[in-house]
Amino acid sequence: MKNRVNKICRQALRFSSAGLVLLASSYSASSFAADYPEAGNFSDGSKVWAENCGRCHNIRGPKELRDDQWISTAYHMRIRAGLTGQETRDVITFLQASNTKTVAAGSTHVVAKLSKGVTGRETYEKTCIACHGAEGKGAFPGTPDFTDSGGALSKPDDVLINHITNGFQSPGSPMAMPPKGGNPNLTAKDITAVLKHIRKTFGK
Amino acid sequence: MSNSCHAFRRKSLVIALSLALPVVTSVSQAADADLQAQIDALQNQVTALSSEVQQAAEWKNPNTLMHMAGFADVKFIKPENGDGSFGIGSFSPIFHYQYRDIVMLESEIEFQVGEDGETKIEMGYMTIDWFVSDYVAIIAGKFLSPVGQFRQNIHPSWINKMVSAPPGFGHDGAAPISDMGVQLRGGFPVGGIRTNYSLYVSNGPELKSETEDEIDFEIDGVAADGFGADRDGDKTWGGRFGILPMSSLEIGVSFATGKAAVTVLEANDVSSPSSGLEPGTEFSGEALRSYDVTGADFVWFSGSMSLRGEYIKTEIGEASTGTTAGEGGVWEAVYTQLAYRLPDTKWEGVLRYGDFDAPGLNRDQTQTTVGINYLVTNNFIAKVTYEFNKGEVAGSMADNDRLLTQLAYGF
């Protein structure tokens with residue numbers, strides 16, 4: 001009886017497996033990335049990076065690898081972490097745009113849309129939230145807690161603006177914040193606005 | 001008088017200009033030549049730079065990429081009832097050879113130094129990953145078992161927050177290590193929820209048997225290490241489904257099912273062979289037994305804290321015919337691990353509890369482990385781990401406490 005049940009279960013499994021393959025293939029037929037390397041979305045990529053990498057291992061900073069190394073690493077992680085193709089392209093875009101002080105000509109279009117008349121809140125949500133978290137407490141170990149009264153926000157504005165503009169590595173953190181949070185198109189006005197938003201939202 | 005004076009001045013000026021002109025022309029020509037030389041030099045520099053830029057751009061996004069990652073670790077282990085020893089955990093380079101976003105070859109080679117000083121080389125995995133679509137990749141070759149999380153994603157020394165694997169999640173434990181076959185793998189969103197999956201068919205495991213009297217045989221272990229042939233002739237099916245109801249929480253369930261047969265007599269278990277059965281004797285044609293694995297895992301993290309756990313159960317059925325006929329067995333392991341990184345420091349504390357039950361009491365073990373890690377960088381970690389082991393059999397290896405230290409580097 002037990003063998004018969006096992007046999008039925010295994011047959012069912014095989015049929016369901018075949019069904020899953022067909023479903024997945026048809027679901028994705030129109031979204032196959034025929035172009036390469038197809039640009040992803042910087043903001044979505046920063047979210048993928050912050051939400052997925054730390055699930056298994058310590059976060060690796062964008063500056064640890066070159067652009068081409070990030071491509072292979074991201075595709076390796078697509079397999080390991082079960083990322084979709086779009087998530088893979090997004091995270092590659094984020095990492096490649098964040099690993100240099102100056103932005104390569106070919107990648108400016110990826111981040112340009114972030115700086116068009118955005119408010120401090122919008123800048124935070126598109127550029128800062130991946131690492132600093134929606135609640136300002138840090139999305140993963142090593143990022144400062146903005147809600148800590150004796151923490152990062154106890155520093156004067158000119159110091160914090162300098163940190164945001166030129167990049168900064170918090171004490172104890174193995175990874176540095178890239179200049180302008182990895183978005184080189186942020187203007188001085190954007191940076192002032194985002195700092196004002198951070199103080200207003202998380203400061204005590 | 002005045003007119004003659006003006007005429008003299010004009011003549012003098014013309015003469016002076018005539019005399020000065022060759023000198024001025026000569027100086028001007030020298031300046032032009034110098035300027036031309038500078039322009040030529042600049043043009044040469046621009047040409048050279050342009051060539052270098054073209055070459056650099058040429059390699060920025062080539063169709064074919066070659067990349068190496070991996071990990072390595074060195075350690076010192078001191079058992080409660082024994083001498084401490086330095087050792088190499090493993091040097092495990094991972095090679096990636098990728099063509100666009102279509103295919104990637106991945107291979108991890110493990111180099112280890114045994115107690116006898118011999119270097120052991122093993123292929124941890126080697127797969128060809130075909131990215132069929134945004135949601136499906138076909139993985140063919142020898143792959144890390146997708147059953148559970150620890151063996152496929154957490155075991156590398158720079159990722160594992162303890163020096164050792166939880167009881168039952170190492171070799172000859174309850175969790176399968178690797179397999180040889182083909183796998184479908186990917187992720188897809190369901191509404192706003194992320195999910196991931198893997199589904200495979202493989203050669204499956206082989207079984208090891210032991211005997212004390214050559215009459216009664218017991219299953220000693222399930223070897224699930226990616227065999228290059230399906231000697232029992234029955235394929236194994238399995239997979240894992242993971243769901244992330246929120247970005248900080250993943251819950252997964254795993255399974256594997258198939259048949260397996262005894263193929264080898266475990267070494268050193270026949271004390272006085274009298275019927276030709278030597279340790280390591282290989283069998284063929286032994287009766288097929290049922291092989292079923294079920295598992296569940298989770299990970300949750302918030303800021304500086306992470307909590308993960310995993311349960312795995314492997315069941316082997318009985319066999320009523322054949323040389324090694326006998327009862328089956330159940331291998332069961334569970335662990336939970338809490339890690340906390342002290343804010344604004346590189347220090348991390350880890351606490352783990354694990355339990356492993358296997359046929360034969362010698363390996364049954366309950367383990368509480370504490371660890372302190374110093375993250376020199378996020379991928380270079382110094383670890384100190386202490387295992388409090390409680391074995392079912394007092395004085396057995398499973399009952400021996402251990403101090404373990406390790407330097408682990410992921411690259």
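Protein chains get the first letters and strands the later ones, always in sequence-line order, with residue 1 at the start of each.
- Looking at B:S306, neither its backbone nor its side chain comes within 4.5 Å of chain A, counting heavy atoms on both sides.
- In this structure, B:D129 does not pair ionically with A:R78, as no charged nitrogen and carboxylate oxygen lie closer than 4.0 Å.
- When B:H67, B:E348, B:M68, B:M66 are compared by the number of non-hydrogen pairs under 4.5 Å with chain A, B:H67 comes out ahead.
- Looking at B:T195, only its backbone comes within 4.5 Å of chain A, counting heavy atoms on both sides.
- With a 4.5 Å cut-off on side-chain heavy atoms, B:F131 and A:I79 count as touching.
- With A:N58 as the partner, the side-chain contact (heavy atoms from CB on, under 4.5 Å) test is satisfied by one option alone out of B:I381, B:T377, B:N373: B:I381.
- Here the CD1 atom belonging to A:I92 is positioned 8.5 Å from the CG atom belonging to B:D101, to the nearest 0.5 angstrom.
- Contact of B:Q152 with chain A is made through backbone and side chain together, with heavy-atom distances under 4.5 Å.
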Could you walk me through whether A:E87 and B:R194 satisfy the salt bridge (Lys or Arg N to Asp or Glu O under 4.0 Å) test, starting with their C-alpha distance in whole Å, then the side-chain angles of each, then the deciding distance to 0.1 Å, before giving a yes or no? CA-CA 11 Å; A:E87 287 171 329; B:R194 298 182 65 247; 2.8 Å; yes
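- Contact record, B:R308 with A:R55: NH2-O, 2.5 Å, taken as the closest heavy-atom pair.
- Ranked by heavy-atom pairs under 4.5 Å with chain B, the list A:E135, A:Q69, A:K137, A:R66 is led by A:Q69.
- Checking each of B:N378, B:N153, B:I159 against A:H57 for a side-chain contact (heavy atoms from CB on, under 4.5 Å) leaves exactly one that passes, namely B:I159.
- Your options are A:D145, A:T73, A:D148, A:T84, and the one with the most heavy-atom pairs under 4.5 Å with chain B is A:T84.
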